[in-house]
Enquirer: 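What follows is a structure written as structure tokens; I'll ask about it next.
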Amino acid sequence: MTDHAVLIAGGGPTGLMLAGELALAGVDVAVLERRTTRELVGWRALGFHARTLEVFDQRGIADRFVSAGMIAQTTAFGTIRLDISDFPTRFNHGLGLPQKHIERILADWVEELGVPTHRGVELTGFTQDEGGVTVDFADGKSLRALYLVGCDGGRSVVRKTAGIAFPGWEATGSGLIAAAEFDEEPEWGMRRDEFGVAGFSRPDPDGPIRAQAAEDHVGEGEPTLEQLRAAIVRFYGTDYGLRSAEWITRFSDTTRQAEAYRDRRVLLAGDSAHIHSPMGGQGLGVGVQDAVNLGWKLAQVVHGMSDESLLDTYHDERHPVAARVLHNTMAQIALARVNDRTDALRDIMGDLLKMEEPRKHLAGMVSGLDIRYDFAVLDGPGAAPGESGESGEAGESGESGGSGGSGEAAVDVHPLLGRRMPDLDLSTRIGELRVFTLLHNARPVLINLAAPGACDDSLAPWSDYVQLVDATYDGAWELPVLGTVPAPTGVLVRPDGHVAWVGRSASLDGLTDALAKWFGVKER
């Protein structure tokens, strides 16, 4: 017997997003949260990038965030701003919004979906067997589930109990962030020195001042008001009459990634699986996108639609994404330092990023709009002989769609395969439909752009789950970074918004293979 099909340890953005994904798929899921209330102490993340906005839009909740936040060009690389206003997306910008508001909006959504949250519970460990996972709590109680997902942060109890290694790089610098009160008005904006940045802002118009200051050494332990004062004085020569702090937290550029995102019935997502410097503001979005990648796969396994091996694709797809984020945040930390040599490098990088191709490359990376999962195998779904494939553009999979090396046959891959599906305005028999609207219920969709009915027979075994839409689209197919790509005759879009099959002829080559791979083998 189980109390729930899935238990999620951690009620932050990653855990809440995963709970919503599972609830949409009809899975009995519950969230375990150590905090006794929804209230989040501190600001933590201050917003997110374009692809995360798209993910929320795929579920019909983007407007909730946009109405509460501030639209802005937030994409940057090592303090060098990158404009994405020319990117082909409805959200060619980022969103400024403190994490406490992000969590509030997600918590409201999850509550609407009927997901219970067990608050004030402290997970101390678990045991797993062939039938499920028993989760133990500090009060001596326990809960049983088929699966446990650790979304419980960088010090994850779930990851440690599972014995999953967390290798990486130790901190080279640290800083303090506080919600503070001052007798004098500070100098607004940011400053930099050889150790990092300092600055003052007011994220909430009626709230306390957000004070941030790098330390001149790698700090340890619980931060104090005196340590904050010393760091501010080092930058500004004054503490502006610092008198109190509602809270103070320490951050660093410690960089680590879990070796595996799954151990049998236990999985990791968000900061439990990867931690890095906040430089670039990518952390929250990567965790939310982990959840959206994992949710539908876990739901299909729970419902018996797919074999457990589908869960291995979660690690295969998301581990390279986070690895690239770790890599680029380390580069950004190096670029943000202040000394004559780094200043010279930053000047040169600034000149390069005024050029269109370098700007788009790095902006696509940081915003998450260039993510490509490497689905391609020789003669596999989406591949067609006799045409040239991608070359040189890796996406976040870290691999090219071109030849694997000397002597190997090139795998021809349509540029859409594995990438985010553009949110096109499709013409259908019931009127105009946005692609993302078709994803609101977190179900896959097959968009047939050939003759009406062309996909009916192929889809028949999956018709109770995969939505079929006969449509036309006359505009250009544009992707961020890549630009215009060939128009397909059909696309199979997974619940996470990534393209699992691309039709390029009336033959529908590879469609049934893709349906079976992602949505379970069906008897014909």
Side-chain angles (χ1 to χ4, degrees), residues 54 58 88-90 296 372-390 401 410-480 482-524:
E54 286 192 338
Q58 289 174 183
T89 166
R90 295 181 195 273
W296 65 275
R372 179 179 67 86
Y373 299 139
D374 188 14
F375 299 160
V377 293
L378 191 62
D379 297 327
E387 299 177 20
S388 61
E390 292 181 78
V411 179
D412 175 49
V413 180
H414 191 284
L416 275 170
L417 189 66
R419 296 186 188 274
R420 52 176 278 289
M421 175 65 185
D423 185 24
L424 307 177
D425 291 310
L426 302 173
S427 296
T428 75
R429 62 180 179 79
I430 61 172
E432 192 170 272
L433 280 177
R434 285 177 53 199
V435 170
F436 285 6
T437 301
L438 299 171
L439 297 172
H440 283 185
N441 60 3
R443 286 178 54 198
V445 58
L446 175 59
I447 302 172
N448 171 41
L449 297 156
C455 296
D456 291 3
D457 289 344
S458 296
L459 185 63
W462 293 271
S463 60
D464 60 340
Y465 178 51
V466 180
Q467 307 167 84
L468 174 62
V469 177
D470 290 322
T472 59
Y473 180 73
D474 296 327
W477 287 70
E478 290 186 277
L479 295 177
L482 291 187
T484 303
V485 300
T489 57
V491 284
L492 176 62
V493 185
R494 306 191 315 184
D496 59 2
H498 283 260
V499 176
W501 170 83
V502 182
R504 293 195 280 189
S505 69
S507 66
L508 303 181
D509 287 344
L511 175 57
T512 55
D513 291 338
L515 287 163
K517 174 181 179 179
W518 295 114
F519 310 122
V521 176
K522 305 286 185 179
E523 294 294 331
R524 293 188 60 83

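What's counted below: heavy atoms across the whole structure, side chains too, no hydrogens, waters or symmetry copies.
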Enquirer: Report yes or no: does Ser458 contribute a side-chain atom to a donor-acceptor pair with the main-chain N or O of Thr512 at less than 3.5 Å?
Expert: no

Enquirer: Please round to the nearest 0.5 Å and tell me the distance separating atom CG of Asp423 and atom CD of Gln58.
Expert: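 The CD atom of Gln58 is 8.0 Å from CG of Asp423, to the nearest 0.5 Å.
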
Enquirer: Please confirm whether the backbone N or O of Gly497 pairs with a side-chain atom of Arg420, one donor and one acceptor, at under 3.5 Å?
Expert: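 No, because the side chain of Arg420 does not come within donor-acceptor range (under 3.5 Å) of the backbone of Gly497.
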
Enquirer: Are any of the side-chain heavy atoms of Arg434 and Asp425 separated by less than 4.5 Å?
Expert: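 Sidechains of Asp425 and Arg434: in contact.
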
Enquirer: Answer whether the closest heavy-atom distance between the side chains of Pro488 and Leu449 falls below 4.5 Å.
Expert: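 Yes, their side chains come closer than 4.5 Å.
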
Enquirer: Is any side-chain heavy atom of Val485 closer than 4.5 Å to one of His414?
Expert: yes

Enquirer: Locate the shortest heavy-atom distance separating Pro88 from Pro480; write the atom from each residue and the value.
Expert: CG-N, 3.7 Å

Enquirer: In sequence, state the C-alpha distance, the side-chain angles, and the governing distance for Leu438 and Val493, and then conclude on side chain to side chain contact (heavy atoms under 4.5 Å, CB included).
Expert: CA-CA 10 Å; Leu438 299 171; Val493 185; over 6 Å; no

Enquirer: For the atom pair CG (Leu508) and SG (Cys455), what is the distance rounded to the nearest 0.5 Å?
Expert: 5.0 Å

Enquirer: Can you measure from CH2 (Trp477) to CE (Met421) and round to the nearest 0.5 angstrom?
Expert: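 Result: 3.5 Å between the selected atoms.
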
Enquirer: Calculate, to the nearest 0.5 Å, the distance between atoms CG and CH2 belonging to Leu515 and Trp501 respectively.
Expert: 8.5 Å

Enquirer: Measure the shortest side-chain to side-chain distance between Trp462 and Trp518 over non-hydrogen atoms and say whether it is less than 4.5 angstrom.
Expert: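 The answer is no, as the side chains (C-beta and beyond) never meet within the 4.5 Å cut-off.
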
Enquirer: Do Leu492 and Phe519 come close enough that some side-chain heavy atom pair is under 4.5 Å?
Expert: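 Leu492 vs Phe519: side chains touch.
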
Enquirer: Hey, are the side chains of Leu416 and Pro486 touching, using non-hydrogen atoms and a 4.5 Å cut-off?
Expert: no

Enquirer: Determine whether Leu479 and Pro422 make a side-chain contact, defined as any pair of heavy atoms from C-beta on separated by less than 4.5 Å.
Expert: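 Touching, per the 4.5 Å side-chain cut-off.
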
Enquirer: State, yes or no, whether a side-chain contact exists between Leu424 and Ile447 at a heavy-atom distance under 4.5 Å.
Expert: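 The answer is no; the side chains never approach within 4.5 Å.
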
Enquirer: Could you measure the distance from the CD1 atom of Ile430 to the OG1 atom of Thr428? Nearest 0.5 Å is fine.
Expert: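 One gets 4.5 Å once the value is rounded to the nearest 0.5 Å.
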
Enquirer: From Arg429 CZ over to Asp470 CG, what is the distance, rounded to the nearest 0.5 angstrom?
Expert: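 It comes to 8.0 Å.
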
Enquirer: Do Asn448 side-chain atoms and Ala451 backbone N/O form a donor-acceptor pair below 3.5 Å?
Expert: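 Yes, the answer is positive, given that a donor and an acceptor are paired below the 3.5 Å cut-off.
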
Enquirer: Write down the atom of Arg443, the atom of Gln467, and the distance for their closest heavy-atom approach.
Expert: O-NE2, 3.3 Å

Enquirer: Please name the pair of heavy atoms, one in Leu439 and one in Arg494, separated by the smallest distance, quoted to 0.1 Å.
Expert: CD2-O, 3.8 Å

Enquirer: Parallel, tilted or perpendicular for Phe375 and Tyr373, by the 30°/60° rule?
Expert: tilted

Enquirer: Please say whether more than 12 non-hydrogen atoms of neighbouring residues, nucleotides or ligands are located less than 6.0 Å from CG in Asp464.
Expert: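 Counting neighbours around CG of Asp464, more than 12 heavy atoms of other residues, nucleotides or ligands fall under 6.0 Å, so yes.
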
